Structures are given as structure tokens and as C-alpha cells.
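Following: one structure in C-alpha cells, then a few remarks.
In this text, all values refer to a predicted model and were calculated from it rather than measured experimentally. A note on names: the letters A, B, ... follow the listed sequences, proteins ahead of strands, and every chain is numbered from 1.
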Amino acid sequence: MAARDNALRDNGLPAKENTLFKSIVKHYETKQYKKGLKAADIVLRKFPEHGETNAMKGLILNCMERKAEAYELVRKGVKMDIKSHVCWHVYGLLYRSDREYLQAIKCYRSALRWDPENIQILRDLSLLQVQMRDLDGFVQTRQQLLTLKPTNRNNWFSFALSQQLRGRYKQALGVVDAYEATLEGAPENDYEHSEMLLYKNLLFEEGGMLEDAVNHLDRSEPMLVDKLFYHEKKAQLLLKLGRFEEALAVYRKTLMKRNAEHYGYHAGLQAATLKRKDVVERWAGVDASEEVEQVLGPLYKELQLEFPRSSICKRLPLDFARSAPYFREVAAAYIIPLVRKGVPSLFADIKPLYVDSMKAEVLGDLFRSWLDQLERDGKLSGEALPELPSSILWVRILYAQHLDKMRDTEGALAMIDRAIEHTPTLLDLHMLKARIFKHAGAFLKASEQMEIARKMDLADRYLNTKSTRYLLRANLLEDATKTIALFTKDGENSSNLFDMQCMWYELEVAHCYLRQGDFGRALKNFTSVEKHFGDIVEDQFDFHTYCIRKMTLRAYVRLLQLEDHVYGHTFFVKAACGIIETYLRIADRPKSSSAEAAEAATDDLSAAERKKAESKRRKAEAKAKAEAEAKAKAEAAAPAKEGKGKKGGKEKVADEDPDGAALANVESPLERATVYLRTLQTHASNELCTHTYAFELYMRKRRFLLALRALRKAVPLSRCGPAETATVHRLIVRFFAEVRGAANLPATLLAVIELQSGALGLQSGCELIAFNASFLEQHHAQPAAKVAAAEMLALLAPERKAEAVSTIASLDPSALTLDQAIEALAALGRLGDAAATNDFKAKAHGAFQHATVFAP
Amino acid sequence: MVVLTGLPSRRVPPALRQRAQQLISFGSVTEKNVEQLRKLNLAVFPVRYNDKFYQDIATVNATAYTHLAYFSDIMVGAICSRMEPLDGTAFKVYIMTIGVLAPYRRLGIGKRLLQETLAACAEQHECQEVYLHVQVGNDEAVQFYRQFGFEVGEVVKDYYQKLEVTDAVILSKKPPFTQK
Ligand SMILES: CC(C)(COP(=O)(O)OP(=O)(O)OC[C@H]1O[C@@H](n2cnc3c(N)ncnc32)[C@H](O)[C@@H]1OP(=O)(O)O)[C@@H](O)C(=O)NCCC(=O)NCCS
């Protein structure tokens with residue numbers, strides 16, 4: 001593919017060598033690299049200065065994993081024949097193979113300077129442009145290709161699509177129209193024709209031409225293959241246009257009858273009934289007004305009669321219920337049949353309802369009363385027959401989860417133990433017990449329970465996964481590695497987990513290492529996740545041509561949109577935050593021994609647990625070492641496998657930094673962290689952690705204006721909860737304390753900062769101590785705020801440290817959540833008062849018996 | 001070794017029993033789920049069986065005579081038997097345990113478990129006898145087995161060493177194992 005059209009230009013070789021040169025290209029295209037290399041060497045023996053041959057040889061070497069030589073040869077080739085489009089094209093391909101797309105684009109452009117109408121190079125260029133979202137360039141290139149080759153349908157739709165991506169819907173429609181005008185007779189392929197019509201419809205819709213979209217949809221209906229989609233789209237468009245009656249008819253008379261278990265249809269139906277354009281997929285908390293309940297209540301009564309087997313028709317009223325009596329009625333009607341059936345996921349299904357305290361109370365009430373009735377005479381009130389024996393079991397399970405949710409750990413454990421007594425063979429009970437322990441902060445006990453469950457069904461991958469996760473939370477890395485290996489293809493060799501992009505595992509392992517102070521391995525695992533995201537973005541490449549060819553244009557556009565937001569995915573955000581956190585710790589680390597760091601890391605395990613974990617680890621380590629040695633021997637003995645990797649026969653290169661030592665040992669950790677921060681700022685600006693980390697980084701780099709900007713972004717996000725409010729308050733105080741206390745900052749800088757202090761809630765010139773006090777006054781009911789204000793007081797006025805300590809120490813742990821108590825303990829530790837810390841720990845241990853952080 | 005303990009004498013209304021039937025299903029022991037069987041036996045019998053007991057059950061081809069009962073997908077009952085070779089190809093089947101978790105009794109599960117095993121015996125012409133031990137004085141157990149045509153045999157002195165009543169009586173059944 002590289003230099004096919006080379007024949008058009010005299011490349012300065014005599015006929016014999018020219019034939020050879022063509023064979024090099026052929027060998028390259030058919031991946032017969034050794035033959036290609038041989039041919040190249042023959043030509044070069046006679047014409048060592050022939051640029052294009054040098055370049056081609058380099059390209060072939062690149063495929064044989066000889067990168068350094070490849071670059072050298074290709075660069076040499078370009079220099080020898082700077083006017084050759086072949087050399088430049090090859091240079092571009094080289095960069096492309098290393099994902100250096102911007103460089104590759106430059107090379108392609110140079111190639112086009114010498115051969116402006118080279119279709120192959122234009123096409124390659126357009127791929128890179130859409131990949132890099134250089135949309136203006138993409139439009140241009142696609143236009144050029146269409147002009148050069150209007151007979152190719154792909155060129156029409158690529159051009160239309162490029163216009164669409166630029167937001168020029170009218171132009172895009174014009175292109176599709178023009179193409180349609182060239183069509184004659186019946187379409188050759190019904191499916192592709194139908195897709196084309198739907199794509200056009202999408203352009204109308206995205207361009208806001210809703211009336212046109214509805215009309216076009218109706219006109220196209222006979223030609224559409226996907227009839228269901230026609231109805232769905234029509235209903236959506238009618239709703240958007242506010243034509244509620246018509247929308248209602250489609251939802252109620254057509255879509256509901258097709259599938260009454262579709263949340264989207266229900267949302268549409270509800271919106272049309274309520275005559276509102278905003279569609280609510282699931283009502284949560286207090287979103288639904290009383291009016292909503294009054295309108296939708298009767299509708300769902302009808303639907304339940306019409307679709308007696310539909311579970312969604314019974315479930316949705318729980319969401320929009322506003323009044324307690326109605327909620328009680330619909331909740332009982334929904335839950336009792338599922339209790340009889342025994343549905344393990346039932347609580348997960350109703351858990352979102354707990355954001356509404358009325359609903360939480362009613363549910364607790366219901367469970368308690370069912371339990372009373374069943375314990376009394378085995379019947380639910382109003383029933384003639386007793387219940388089957390599993391009903392009481394599932395009610396106990398629900399009630400245990402309810403109690404856990406209400407943070408009544410002891411009640412929940414007692415309830416689950418009664419259930420285990422009743423049916424000891426149900427492994428779900430041990431999973432639940434594990435979860436209760438986890439919520440209580442007892443990671444080792446949680447893991448023990450999860451292991452019991454896992455052993456009860458060794459064929460269950462889900463349990464295996466859960467158990468692995470719980471082992472990691474308890475810092476039992478070796479056991480976790482063994483457990484996950486039971487379900488991976490290549491046993492304990494983790495390359496399979498990497499190839500499977502098993503990101504939850506990599507994240508948990510990374511955090512486990514981070515807790516143990518092993519920064520290298522933590523970074524190693526966090527960056528694995530980052531690599532997967534790189535691959536996901538890279539994987540788009542295959543679709544740029546494929547989707548156009550197959551006319552799956554709508555799916556393609558959705559894919560591009562998804563890729564645009566992929567770095568905002570929680571897994572990436574977690575990985576990036578983990579990387580930044582690790583580099584911050586590396587930067588903050590006093591140059592001490594690493595053993596100390598590891599010790600500090602196990603702090604949140606009790607002494608006994610630590611011993612247990614330690615001896616377990618030592619044993620496992622010895623065993624793992626022996627196994628690894630045996631394996632290495634076996635591998636050395638086996639013949640090296642032929643490289644059959646998916647991308648162009650690349651062989652797997654040995655990992656040069658398996659422990660991440662090089663990753664951890666960088667010149668400037670803060671700069672490294674900043675790279676990841678930038679990605680977060682672009683793609684995850686609605687996450688508070690993005691801005692708190694931005695703050696931490698910029699403060700350490702003394703980039704005060706950037707830190708200030710991070711604070712301004714953090715303030716609106718701090719309103720989502722008391723913990724967040726307290727976090728951001730700390731940052732604001734620390735910021736002004738540092739800035740105002742700093743010597744020799746430029747006066748203009750200070751002026752700019754003071755000018756913006758109002759936006760952070762701090763009146764210009766206001767004393768920080770007063771600001772801190774007024775924050776406390778405003779949030780005095782919030783324990784998190786109390787702790788933050790006290791700690792900041794000690795920072796601002798070190799002579800008042802005793803006051804700060806006593807404020808925190810006087811908190812009553814039994815009135816706190818586990819997280820709040822942990823935070824209070826940590827704050828006391830930071831204030832350095834050992835006696836108060838120990839006292840508080842003992843008190844907290846009373847309130848949170850199982851939590852290992854407080855264990856003596 | 002079979003002991004009958006604490007049978008609930010409460011009879012279940014026929015309508016409920018009817019409703020329960022469609023929720024009952026059967027499965028076999030494998031090395032993947034044998035831990036559940038251990039938990040079941042631990043809850044049902046006063047005697048603890050050792051690891052070897054479970055290893056044998058999960059691996060040896062005796063699994064044809066071991067059946068698990070599920071109620072609405074929860075394991076609630078099991079019958080564990082083994083083959084005892086006689087002369088030539090002939091053999092006897094010995095029922096080591098049959099148990100149903102207390103809350104799930106009197107729903108017909110025990111009966112269907114025993115029927116599963118008897119049906120398996122009926123398919124083997126070489127199977128000459130099915131037998132088991134019952135604690136002396138356990139009339140309900142005797143009642144239970146008599147329904148299936150088991151006959152009361154000799155008494156074995158001091159069969160149960162660790163229990164209060166130590167003598168056992170042998171119950172046995174010869175072909176045909178199933179009534180047509
Ligand atoms: C023996 C056992 C397996 C029976 O299981 P089960 O599922 O309850 O038995 P079924 O429901 O199939 O009962 C079948 C019949 O056996 C008889 N039976 C069972 N339990 C009885 C009892 N406690 N009293 C009197 N008859 C009883 C009844 O005739 C019953 O039919 P019915 O309910 O229509 O009257 C169960 O009670 C058990 O596990 N017991 C403890 C363990 C044990 O001792 N096993 C060894 C028994 S030899």
C-alpha cells in the first residue's frame with residue numbers, strides 16, 4: 001500500500017533494479033519481510049544512495065522491530081531524495097506506526113507537495129485527520145478526494161460526515177442530496193439504502209430541523225429495514241416537538257405492545273402523558289412532584305392490568321411515588337412476589353430509593369412487619385396459605401441489607417446469622433456478610449466471608465472476582481493473585497489480565513501497592529489502565545474506513561462521540577488520580593528508607609492482622625519465587641514462538657521495567673503528574689478530584705494563579721456534600737495562608753489574587769481566622785466541617801492547637817459515620833497529639849467494633 | 001451411617017405442598033459444589049464426616065447414587081450412597097446419608113431424593129440390594145422407609161459410638177426397586 005503508484009514517476013533506477021524495487025514494495029505489502037530485505041540489499045549494493053530503496057528498507061525493518069535502524073534509514077532516504085513522495089509517505093507511515101500522528105501528518109503533507117493528487121496518501125492523511133479530530137483539515141482532504149473520485153460512494157459519505165462533524169448539517173445534507181440525485185432505479189442493497197436514509201434523518205435531527213426530520217422519516221418508512229427504529233425515532237421526535245398526543249399514541253399503542261420491559265419507552269410514555277419535553281428515565285429522590293404521582297399513578301394501574309407479567313410496570317411507581325401511603329402500597333405489591341421467587345439482586349434494585357428518607361423508613365417498616373408475621377405463623381397477613389420456607393429467608397436477607405444500609409452493623413449481622421442458620425447452603429448469605437463487614441471497615445473479616453462464599457461454588461467467576469477484590473482490600477496481594485489466576489487463561493502470568501484489559505483489577509492492585517508504599521508497582525498498574533485507554537482510542541482506526549464502507553454511519557458517529565469522551569471514564573479518572581497521588585507522595589517523600597513507608601502503609605490494619613498478613617505474605621513470596629524460577633526455566637527451554645500478534649506480526653517485547661522502578665524514579669515527579677492532570681482538566685472537569693489535585697500540584701510548583709483557578713473550579717463542585725465542602729474549605733484556607741505569608745511575591749500577583757478572593761467566599765482583606773470561624777458557624781452541624789475548621793485553626797494560629805485538638809477529640813464517634821470518624825482520627829494524628837489520638841481511637845473502637853483502623 | 005433427628009411432625013397443607021413441587025429440582029455433586037454439601041450435612045447430622053468422605057463423593061463414579069435436591073435453586077437436601085461390590089459384577093448400594101434442611105422438610109423432597117436413588121438402582125441389573133442403618137427407636141425413620149418397601153432387618157449393637165442410643169437397625173430393599 002505504501003508506494004504502489006511509484007511506477008508513475010521515474011525513480012532513477014535502471015529497468016532491472018526497478019523491477020526489484022517493485023518487488024520490495026510487494027514483499028512489504030504481503031508481509032514477506034525477509035524477502036523484501038534481501039531485494040533491497042541487492043539494489044542498495046549497486047545504488048547505495050537511492051533514497052526510496054533506503055526508505056523502503058527502513059519501513060521493512062520497522063516491521064521487524066528494529067526501530068532505531070528503521071528511523072535512521074528512512075531519514076537517510078528522505079535526505080537523499082527530498083522531492084520523493086514515496087520517501088515522505090514512508091516517513092509518515094513510520095511515525096504513524098509509533099502513534100506519532102502529528103509528525104505523520106506533517107510527512108504526508110510533504111509527500112503531497114510533490115504529488116498533490118496521490119489518492120493513497122490523501123486517504124491516509126484523512127484517516128489521521130479524523131483520528132486527531134483535525135476537523136477542518138479532514139473536511140478539506142475529503143473534499144479533495146471527492147473531487148478526484150466522485151464515482152466512489154465512500155467519498156460522498158466521508159465528505160458528508162466530515163461536514164457533520166464540523167456541525168455543518170445543511171452542507172452535509174446537501175452532499176447526501178447530491179449523491180441521492182445520482183442514484184437511478186431500485187436500490188441495490190436494501191439495508192445500505194435504509195441506513196443512508198436513517199443517516200440523513202440523523203442529520204435533520206442533529207441539525208435541529210425536527211419538522212423536516214419527522215416528515216422525512218414518514219416519507220422513508222416504506223424503505224426502512226429497521227421498522228422498530230422507525231417507531232422509536234418517530235416517538236422521540238414527536239416528543240421533542242411537543243406533539244404529545246401523537247407521541248403518546250406511538251408509545252402506548254405501538255412501542256409498549258412490542259416491549260413493555262423497556263425503560264426508554266416508559267420514560268417517553270411518561271413524558272408524553274405529563275406533557276413535558278424533558279424525558280426522565282428514572283425518577284430519583286424528590287424529583288417527582290405530587291402531581292407526577294397523581295398523573296402517573298392511574299396510568300400505571302392500567303398498564304399493570306394490561307401487562308400483568310411486566311415487572312417494570314410494577315417497579316416504576318416506586319420511583320415516582322411521593323406520598324408514604326401510596327409508596328407503601330406499590331412497594332409491597334412489587335417486592336412480595338420477588339421475595340417469594342427469591343431474587344438475590346432485589347436489594348440492589350431498590351437501594352436507590354433510600355435517597356428519600358420517607359421511602360427508607362417505609363421499607364424498613366414493611367420488612368419488619370413481614371418478618372413478624374412470618375415468625376408468628378408462617379403467613380403474610382391476609383393470606384390463607386402459609387408461605388413457602390424460602391420466603392422468610394429472603395425477607396431476612398432484605399432486612400439485613402436494610403439494617404446495613406441504615407448503618408446498624410450489629411443488627412445486620414444478627415439478621416444474616418439467623419438466615420445462615422435457616423439455610424446454610426445459600427452462598428449469597430456469606431457474600432452479604434462480607435459486604436456488611438466491608439461497610440463496617442473490617443476488610444480481613446470481609447475477605448474471610450467472601451472466601452467462604454467462593455469455596456461454595458468454585459465454578460462461579462463472579463464470586464472469584466469478588467473474592468479477589470476483597471483480598472486486595474485486605475492487602476493480601478499474593479492470595480489475590482492466586483485467586484484471580486484460577487480463571488485466567490495463562491494461570492498466574494498476568495499478561496492475560498493485561499490483554500483482557502482487566503482494569504478493575506489493575507486499579508485495585510495499584511491501590512494495594514500504594515497503601516504499602518510500593519510506588520513503582522503502583523505506577524506500573526495505574527499506567528496499565530492508561531495504556532488500555534490509549535488502545536481504545538487507537539482502535540478507532542479500524543472503523544474509519546470500515547464503517548463508511550459498510551454504511552453503518554450512525555453507529556460510526558456514535559463511536560466517534562464516545563471516543564471523544566473516553567478519558568472522562570471513571571476508570572481513567574481513577575487511574576490518573578492514582579498516578580498523580582503517587583507522584584505527589586514521591587515528591588513529598590523525605591529521603592528516608594522505603595521500609596518505613598511500607599510500615600506506615602499497613603497502619604490501617606490492626607497489629608494482629610498485620611502479623612497475620614505479614615506471615616502469609618512471607619510464605620507466599622517464598623513459594624511464588626520458587627514457582628517463577630521453575631517457570632523461567634521452562635520458558636527458556638521452549639522454542640521462541642513465531643510472532644503472531646494481531647497488529648502486523650509484532651512480537652511481544654520483554655517488559656524492561658516490570659516493577660515500575662523507572663516510573664517511580666523520575667527526575668521531576670510533579671511534571672509527570674502534570675501531564676495526567678491536563679488530561680483530567682480537559683476530560684473530567686466536573687470531578688472535584690481533578691481540581692483538588694490541580695491545587696496540590698500547583699501549590700507545590702508555586703504557580704499560585706493556576707492554584708487559584710483550580711479553587712474557583714472546585715467551589716461549585718464542593719456543594720455536593722458536607723465532606724466535599726470541608727475539603728474545599730481547607731484548600732481555600734491553605735491557599736491564602738500560604739500566599740499572604742509568602743515573602744517577596746510580586747505586588748501585582750497579590751492584587752490579582754485578592755481581587756478574586758470574593759469568588760471563593762472570602763471578603764478581600766478578611767482575616768483568615770475570622771473566615772475560618774464563620775465557616776464553622778455556618779456548618780457547625782457537620783462533623784466534617786468541624787474537623788476541617790479545627791485543623792485549619794491550628795494551621796493559622798499554632799498557639800491555639802490545644803483548642804483545635806479538643807474540638808476534634810470531643811466529637812462523639814457514635815454520632816459519626818465511619819468515614820467521618822476515620823477523618824477525625826487522621827486529623828488528630830496530623831496535629832501530632834498522641835494522647836488525644838489514642839483516646840479518640842479507643843472511643844471510636846467502641847462505636848465501630850469491627851473497623852480495623854480503630855482496633856487496638 | 002444414618003441418624004434421624006428432630007423431624008418436624010408438622011404436616012404441610014396439600015395446596016402448599018403442591019405449589020412447592022414445581023420449585024424442586026435435582027443435581028449432582030461435583031468438586032465445584034461439594035462445599036455446599038458439607039454445609040448441608042453439618043446442619044442436618046450430629047455426626048461430622050471427614051474430608052475423605054466428601055472427596056470420594058465428588059470424584060468417584062458413585063455420583064450416580066448421590067443426588068442433590070434444590071428448592072428454588074437453593075441446595076436443601078442430599079442423598080449420599082456408595083456401591084459395595086459383591087461377587088462378580090453384582091453390587092449393593094449403601095445409603096450413607098439422606099437429609100433435608102429442617103425448614104424445607106415435609107414438602108416431599110426426601111421422598112423424591114430416595115426415589116432418584118432407587119430409580120438409578122432399578123436401571124442396573126447387577127444391583128442386588130439397597131440398605132442402610134437407622135437408630136433403634138427411630139420409628140419415624142422406619143415409617144419413612146417402609147413407605148418405599150424397605151424391610152426391617154437385624155439389630156447391630158453399638159453401631160453409633162458417640163450417640164446416646166448406640167444400637168442401629170438395618171433396613172433393606174431388594175428388587176424391584178421401583179413400582180411400576
Ligand atoms: C428424613 C428426611 C430426609 C425426610 O425428608 P422430607 O423431605 O421431610 O420427607 P418427605 O416430605 O418426602 O416425607 C415423605 C413421607 O415420610 C414420612 N415422614 C417424614 N417425616 C416425618 C415425621 N417427622 N413424622 C412422621 N412421618 C414423617 C411422611 O409419611 C411423609 O409423607 P407426608 O408428609 O405426606 O406425611 C428429613 O426429615 C431429614 O433430613 N431428617 C433429618 C436427617 C435424618 O435423620 N436422615 C435420616 C433419615 S433415615
Which atoms of A/Leu388 approach chain B - backbone, side chain, both or neither, heavy atom under 4.5 Å | both

How many angstroms lie between atom OG1 of A/Thr425 and atom NZ of B/Lys39, to the nearest 0.5 angstrom?
-> 10.0 Å

Could you look at B/Leu40 and say if it's the side chain, the backbone, both or neither that has a heavy atom under 4.5 Å from chain A?
-> both

Here the gap from B/Glu35 atom CD to A/Asp457 atom CG, rounded to the nearest 0.5 Å, amounts to 11.0 Å

Residue A/Glu375 excluded, over 12 heavy atoms near CD under 6.0 Å = yes

Based on non-hydrogen pairs under 4.5 Å, which of A/Lys341, A/Met456, A/Lys455 is most in contact with chain B?
-> A/Met456

Atom pair CG (A/Leu427) and CE (B/Met75), whose distance is rounded to the nearest 0.5 Å = 9.5 Å

Looking only at heavy atoms, what is the nearest atom pair of A/Leu385 and B/Arg19, with distance?
-> CD1-NH2, 3.4 Å

For A/Leu393, is it the side chain, the backbone, both or neither that has a heavy atom under 4.5 Å from a heavy atom of chain B?
-> side chain

Within 6.0 angstrom of B/Arg146 CZ, more than 12 heavy atoms from elsewhere = no

Contacting moiety of B/Leu107, where chain A heavy atoms sit under 4.5 Å = side chain

Are more than 12 heavy atoms from other residues, nucleotides or ligands located less than 6.0 Å from atom CG of B/Asn50?
-> yes

Does a sphere of radius 6.0 Å around CD in B/Gln21 hold more than 12 heavy atoms from other residues, nucleotides or ligands, not counting ones at 6.0 Å or beyond?
-> yes

Against chain A, work out which of B/Leu101, B/Leu16, B/Val12 has the most heavy-atom pairs shorter than 4.5 Å and name it.
-> B/Leu16

Greatest number of non-hydrogen atom pairs under 4.5 angstrom with chain A, of B/Asn33, B/Leu37, B/Ile74, falls to B/Ile74

Side chain, backbone, both or neither of B/Leu23 within contact of chain A (heavy atoms, under 4.5 Å) = side chain

How about B/Glu123: does its CD atom have over 12 heavy atoms from other parts shown lying under 6.0 Å from it?
-> no

Over 12 non-hydrogen atoms of neighbours within 6.0 angstrom of CD in B/Glu31 = no

So how far is it from A/Asp460 CG to B/Lys32 NZ, rounded to the nearest 0.5 Å?
-> 11.0 Å

Give a yes or no on whether B/Lys111 atom NZ has more than 12 heavy-atom contacts from other residues, nucleotides or ligands under 6.0 Å away.
-> no

State whether the number of non-hydrogen atoms from other residues, nucleotides or ligands found under 6.0 Å of A/Asp417 atom CG is greater than 12.
-> yes

Against chain A, label B/Pro103 side chain, backbone, both or neither, depending on which of its atoms sit under 4.5 Å from a heavy atom there.
-> both

Whatever's closer than 4.5 Å to a heavy atom in chain A on B/Tyr104 counts as both

